[in-house]
Structure formats: structure tokens, C-alpha cells
Amino acid sequence: MENRKSNFSEWYNEIIDLAGLSDKRYPVKGMNVWLPYGLKIMQHIDTIIRRAVDSRGGMQEVSFPLLITRDQLSVEFEHVAGFENEVFWVTRGGGKQPLEVEMALRPTSEAAMYSMFPLWIRSHSDLPLRIYQIVNVYRYETKHTRSFIRIREIHFFEAHTAHRDYEDAERQMREYIDIWNEITDALCLPPYRIDRRPDWDKFPGAMYTLAFDTVMPGGRTLQIGTIHQYGENFSRNYGIVYDDERGGEHHYVSQTTFGMSERLLAAVIGIHGDDQGLILPPDIAPVQFIVVPIPSDRVDTLSFARDVASRASALGYRVRVDDRDNYTPPGYKYNDWEMRGVPVRIEIGEREVSEGKVTLALRSIRGRRSFPPWARCRRT
RNA sequence: GGGGCUGUGGGGUAGCUUGGUAUCCUACGGGCUUUGGGAGCCUGAGACCCCGGUUCAAAUCCGGGCAGCCCCCCCA
């Protein structure tokens with residue numbers, strides 16, 4: 001395997017392939033296949049995101065259509081102009097018939113959602129409106145694409161909120177930062193930077209943008225999340241208004257958004273990995289304990305291994321017994337699961353069976369210790 | 001947006017300059033033997049990115065397309 005520090009780019013490509021995260025051989029530029037192991041990790045990341053968002057209450061998950069009509073995008077607005085060069089268009093349907101109304105694959109969902117907001121928001125009692133979705137968005141990247149970092153089909157979390165005034169929207173911005181802290185804690189990401197982007201670099205249409213940046217090996221900064229204060233910029237263009245308590249008087253809502261993507265996975269890969277491969281935080285590891293039986297003629301290590309595994313499963317951990325028999329020496333399995341980033345390995349050989357103990361090896365420190373049965377499972 | 005490079009079995013490669021039989025490693029299937037840090041022997045299957053051009057003949061030369069890689073810059 002490539003050296004992570006001196007040759008990060010190639011190490012990154014190699015580990016994504018070896019660990020079975022994503023297959024970039026799919027014949028469309030920037031659109032890769034999520035492989036089982038990689039998809040599981042991403043789903044666990046999504047679970048962490050949902051937990052962080054849902055636990056605060058008031059925010060609800062939705063799912064909007066993929067297609068946006070040309071009309072929805074025909075608003076004269078810097079937001080629309082900002083994306084016009086990265087939109088995929090659907091122009092035909094049913095054989096070769098040109099569509100009467102051309103449709104875009106969403107590059108982000110403002111235009112989709114804000115076409116519905118005026119129908120949903122009538123009075124102050126409809127506010128705040130706070131929704132999010134985890135869907136794919138599409139951007140016609142012309143530059144060099146890169147697994148999980150710059151792709152054309154993006155696995156995207158986007159939260160959208162509408163508030164009665166700017167102050168309430170600002171409160172939402174502060175809550176986003178709390179949510180972000182909870183997520184980065186669970187992913188064991190190191191302290192990050194929050195940058196207020198200069199005007200030329202803010203999200204198209206936003207009043208201001210705060211970006212969460214992290215630094216990858218090799219020194220490159222990776223923007224892994226952004227929150228945007230829209231103020232009334234969008235509501236004035238999409239006509240999102242409400243009646244206040246006095247009735248009759250219309251006010252524009254103030255809006256915010258929060259965006260994240262599989263760049264979170266890219267950050268976890270890049271920041272935690274080493275020359276042996278991935279190192280996964282336990283919360284997102286598809287396999288948290290790998291039990292490796294070492295075959296023996298004298299004792300039944302496999303049964304013992306399965307017994308250990310079922311006890312750990314009963315405690316709620318994700319456990320797997322590596323009972324593949326085609327790789328006979330255990331060293332292959334050790335290296336294989338270390339490469340995949342499994343946090344804890346449990347080795348079961350003659351010694352463990354006869355002494356009634358297990359031997360644990362931790363991925364993060366690459367040490368090994370022997371323990372009496374089950375003693376540490378709850379704490380690891 | 002700019003600069004450079006590459007496409008050969010699943011992965012990594014030799015062959016290309018000088019056109020003619022495609023090399024090796026690894027992974028994979030079958031069989032036997034093995035087993036406390038990437039096992040061994042036997043055997044089997046598997047490839048020249050796509051389209052066009054030059055030529056008796058193209059993996060090799062030329063043009064285009066598609067895909068990928070590296071550096072600078074930037075987006076989630």
C-alpha cells in the first residue's frame with residue numbers, strides 16, 4: 001500500500017478500492033458505484049446526522065422530486081445564475097419527443113422546495129418551517145473528479161428552514177453549529193475551522209456563508225459542510241410570505257440552509273487512516289468486532305469464536321466471525337480486517353479456548369492484550 | 001479555469017521507440033496438503049477503452065471520443 005503521508009492522493013485511491021468502498025470504473029464521469037462496505041459506512045454517517053438533527057426536535061425529514069422544471073429555475077436571481085453552468089438537463093422523453101418543458105436534475109433543492117413553500121406557509125403559525133432531506137443532487141463538474149470529494153452525483157444532506165424574522169433565522173444558524181459539533185464528535189474528527197466566506201465565495205444567493213473546513217494529509221483544505229443565512233433573498237424571489245398576528249400584513253420569511261455530503265466520509269478516510277488502511281470510528285464501522293478463529297486439531301476454536309460473537313452481539317455490537325476457510329493462516333485475516341478499519345479484533349486459538357480467555361487487538365493502537373472472558377466488551 | 005500524463009485479463013505490469021506469436025506478479029475456479037501475522041504444489045479460466053484513418057497487417061503509428069491520474073485553482 002502507498003505511504004499515506006508522502007503520497008496521500010494515491011493512498012486515498014488505493015484504500016477506497018482495496019477496502020471495497022466505491023468502484024469508480026462505472027463508465028460515467030464522476031458517478032461511482034457505492035459498494036456494500038462503503039455504503040454501510042455512509043449509512044451509519046447518515047444515522048449520526050439524523051440522530052443529531054432529530055434529537056433537537058422540530059426538524060422533519062422529507063423527500064423532494066429529482067426534477068425541476070425550467071420555470072422553477074427561471075427566476076432572475078443570482079442563485080439560479082450561480083448554478084447554470086453545472087446543471088444536467090433532461091430534454092427528451094418517450095422516444096425522441098422533445099419535452100415541452102425541459103427539466104433539470106437538481107443541483108441543490110432550493111428551487112424545488114421554494115416552489116412549495118408558498119403553498120405551505122400562510123400565516124405566522126406555520127413558522128418556523130424546518131425540513132431536511134438526504135438525497136442525491138447532480139452537478140455537471142467539468143474538472144477532475146475524485147471519489148467522495150468531487151463527483152457529479154452527490155449524496156447530499158440539506159436542511160432548509162423558514163423563519164418569521166432574521167433573529168429567529170440566526171438562532172437556527174447557531175443550532176446548526178451545535179449539530180455540527182455533535183456530528184464531528186461522533187466521527188472523531190479533529191477541531192475544525194469555521195470560516196465566514198468572503199462575498200465572492202459565498203453560496204449563490206446567500207447573505208453570508210459559514211464553511212466547516214478540515215485539513216487532509218498533504219495539507220489540502222477540504223470543505224465538508226456549509227451553513228447559509230439567506231435572509232429574505234430567496235423569499236423575495238420565490239414569493240414566500242406569511243400573515244402576522246395582526247392579520248392582513250404580509251412579511252417575507254427569513255431562511256437558512258445546512259449542507260453536507262459524502263465528503264464527511266472522505267474526511268474520515270483521510271484523517272484517521274494509516275499505512276495499514278482505514279481506521280474507522282466505532283460508531284460508523286460496519287463491523288465493530290471481528291472474531292478470528294485460529295484452526296486447531298485439538299479444540300473447537302470456531303464454536304468458541306461463535307459463542308464469543310453471539311455474546312458481543314447480544315450487547316448490541318456489530319460483530320462478525322471470520323470463518324472463511326480459504327485463507328488459512330490467520331495473518332491474512334488480521335491484515336485484511338486491519339485494512340478495512342475494524343476497531344477491535346478478537347483472536348480465538350487453542351490458548352484462548354483452553355484458558356477461557358480472549359485476546360483483543362485494537363486497530364487504533366495496534367497492540368494486543370489478553371482478557372478474562374467478556375470483561376471489557378461493555379467499555380470498548 | 002490552467003498545465004502535464006495515462007488507458008493491455010479483476011488489480012498491478014512487460015511489449016509500443018523499430019507494426020506481424022501478448023510477458024510476468026497477484027487475485028479468481030478445481031484438487032491435494034497446510035494453519036498463532038499475508039502458506040505450498042498441481043491444474044484451469046481470464047486482456048490490448050471506443051470509433052475512424054494509414055497499412056498486406058495495428059496493443060504498437062495518426063485523428064477524434066470516452067474514462068482515469070498528477071499539480072495549481074475552486075465547489076458539498
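So that the names make sense, note that chain A is the first sequence line, chain B the second, and so on, each numbered from 1.
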Review point. Base, sugar-phosphate alone, or nothing: which one does A/Glu350 contact when heavy atoms must sit under 4.0 Å apart?
Key: base
Check your understanding: Out of B/C74, B/G38, B/G37, which nucleotide sits closest to the side chain of A/Tyr332?
Key -> B/G38
Review point. Taking for each residue the nucleotide of RNA chain B with the nearest heavy atom, is it A/Met31 or A/Gly259 whose nucleotide lies nearer the 5' end?
Key: A/Met31
Check your understanding: Can you check the A/Glu141 CD to B/A67 P distance for me, whole Å?
Key -> 13 Å
Review point. Is any N or O donor-acceptor pair between the side chain of A/Glu14 and the base of B/G12 shorter than 3.5 Å?
Key: no
Review point. How far, in whole Å, is B/G53 from B/G68 if one measures between their C1' atoms?
Key: 25 Å
Check your understanding: Taking CD from A/Glu10 and C1' from B/G68, how many angstroms apart are they, rounded to a whole number?
Key -> 12 Å
Check your understanding: If you look at every strand shown and take non-hydrogen atoms under 4.0 Å, does A/Gly30 touch a base, only sugar-phosphate, or nothing?
Key -> sugar-phosphate
Point to revise | Distance, P atom - from B/A14 to B/U8, rounded to whole angstrom | key: 11 Å
Exercise for review: Please measure how far the P atom in B/U34 lies from the corresponding atom in B/G12, and state the result in whole Å.
Suggested key: 36 Å
**Study point:** Closest to side chain of A/Ile294, choosing from B/G68, B/C73, B/G36
**Key:** B/G36
Review point. Watson-Crick or G-U wobble partner for B/U6, using a 3.5 Å limit on both distances?
Key: B/A67
Check your understanding: Under a 4.5 Å side-chain heavy-atom rule over Ile, Leu, Val, Met, Phe, Trp and Tyr, are A/Tyr114 and A/Met59 clustered together?
Key -> no
Check your understanding: Looking at B/C73, B/A39, B/G36, which one has an atom nearest to any side-chain atom of A/Arg150?
Key -> B/C73
Check your understanding: Mind checking the P distance from B/U23 to B/G44? Whole angstroms is fine.
Key -> 15 Å
Practice item. Mind checking A/Arg25 for me? I need base, sugar-phosphate or nothing, with any heavy atom below 4.0 Å counting as a touch. Key: sugar-phosphate
**Study point:** side-chain N/O A/Asn13 vs B/C70 OP1/OP2, d < 4.0 Å
**Key:** yes
Revision key, fill the gap. Here the distance between atom C1' of B/G38 and atom CZ of A/Arg324, to the nearest Å, is 12 Å
Check your understanding: Roughly, in whole Å, what's the span from CG in A/Asp17 to P in B/A27?
Key -> 15 Å
**Study point:** Distance, rounded to the nearest Å, where A/Asp336 contributes CG and B/A27 contributes C1'
**Key:** 12 Å
Check your understanding: Considering every strand shown, what is the Watson-Crick or G-U wobble mate of B/C48 when both distances are under 3.5 Å?
Key -> none
Point to revise | A/Ile151 or A/Ser296, whichever maps to the more 5' nucleotide of RNA chain B | key: A/Ser296
Practice item. Give a yes-or-no answer on whether the side chains of A/Thr257 and A/His160 include a donor-acceptor pair shorter than 3.5 Å. Key: no
Practice item. Report the nucleotide, chosen from B/G36, B/G1, B/C71, that has the shortest atom-to-atom distance to any side-chain atom of A/Pro330. Key: B/G36
Practice item. Report the distance from atom CG of A/Asp322 to atom C1' of B/G36, rounded to the nearest whole Å. Key: 15 Å
Exercise for review: Identify the residue among A/His250, A/His163, A/His124, A/His251 that makes a ring pair (Phe, Tyr, Trp, His ring centres under 6.0 Å) with A/Tyr242.
Suggested key: A/His251
Exercise for review: State the pairing partner of B/U13; accept Watson-Crick or G-U wobble contacts with both distances under 3.5 Å, and report none otherwise.
Suggested key: none
Check your understanding: Reckon A/Lys143 touches a base, only the sugar-phosphate, or nothing at all at heavy-atom distances under 4.0 Å?
Key -> base
Practice item. Looking only at side-chain atoms of A/Pro295, point me to the closest of B/G38, B/U35, B/C72. Key: B/U35
Check your understanding: Should B/G38 form a Watson-Crick or G-U wobble pair with both distances under 3.5 Å, which nucleotide is its partner?
Key -> none
Check your understanding: Which part of the nucleic acid does A/Phe8 contact within heavy-atom distance under 4.0 Å: base, sugar-phosphate only, or nothing?
Key -> nothing
Point to revise | For atom CZ of A/Arg363 and atom C1' of B/G37, their distance in whole Å | key: 14 Å
Exercise for review: For A/Glu158, answer base if it contacts any base atom (sugar-phosphate contacts may also be present), sugar-phosphate if it contacts only those atoms, and nothing otherwise; contact means non-hydrogen atoms under 4.0 Å.
Suggested key: nothing
Exercise for review: Determine which nucleotide pairs with B/C61, using a 3.5 Å limit on both distances of a Watson-Crick or G-U wobble pair.
Suggested key: B/G53
Check your understanding: Judged by modelled atom types alone, do A/Asp46 and A/His155 share a side-chain donor-acceptor pair under 3.5 Å?
Key -> yes
Exercise for review: Give one of base, sugar-phosphate or nothing for A/His144, where a contact means two heavy atoms less than 4.0 Å apart.
Suggested key: base
Revision key, fill the gap. Of the listed B/G37, B/G36, B/C69, the closest approach to the A/Glu352 side chain comes from B/G36
Review point. Distance from A/Met42 atom CE to A/Leu39 atom CG, nearest 0.5 Å?
Key: 9.5 Å
Point to revise | Sugar-phosphate, base or nothing in reach of A/Gly349, heavy atoms under 4.0 Å | key: base
Practice item. Provide, to the nearest angstrom, the distance between the CE atom belonging to A/Met339 and the C1' atom belonging to B/A27. Key: 12 Å
Check your understanding: Is A/Ile149 touching bases, backbone alone, or none of the nucleic acid, heavy atoms closer than 4.0 Å?
Key -> base
Review point. Where the side chain of A/Arg318 meets the backbone of A/Asp283, is there a donor-acceptor pair that is under 3.5 Å apart?
Key: yes
Exercise for review: Classify the nucleic acid contact of A/Thr142 as base, sugar-phosphate or nothing, counting any heavy atom under 4.0 Å across all strands shown.
Suggested key: sugar-phosphate
**Study point:** Stepwise salt bridge (Lys or Arg N to Asp or Glu O under 4.0 Å) test for A/Arg146 and A/Glu141
**Key:** CA-CA 11 Å; A/Arg146 195 152 172 62; A/Glu141 283 291 345; over 6 Å; no
Review point. Taking atom C1' in both B/A27 and B/C69, what distance in whole Å separates the two?
Key: 23 Å
Review point. Is a side-chain donor-acceptor pair under 3.5 Å present for A/Ser296 with A/Glu350?
Key: yes
Review point. Out of B/G36, B/C70, B/U35, which has the shortest distance to the side chain of A/Ser9?
Key: B/C70
Review point. Given B/U35, is OP1 or OP2 found less than 4.0 Å from the side-chain N or O atoms of A/Lys333?
Key: no
Check your understanding: Below 4.0 angstrom from OP1 or OP2 of B/C70, is there any side-chain N or O of A/Arg146?
Key -> yes
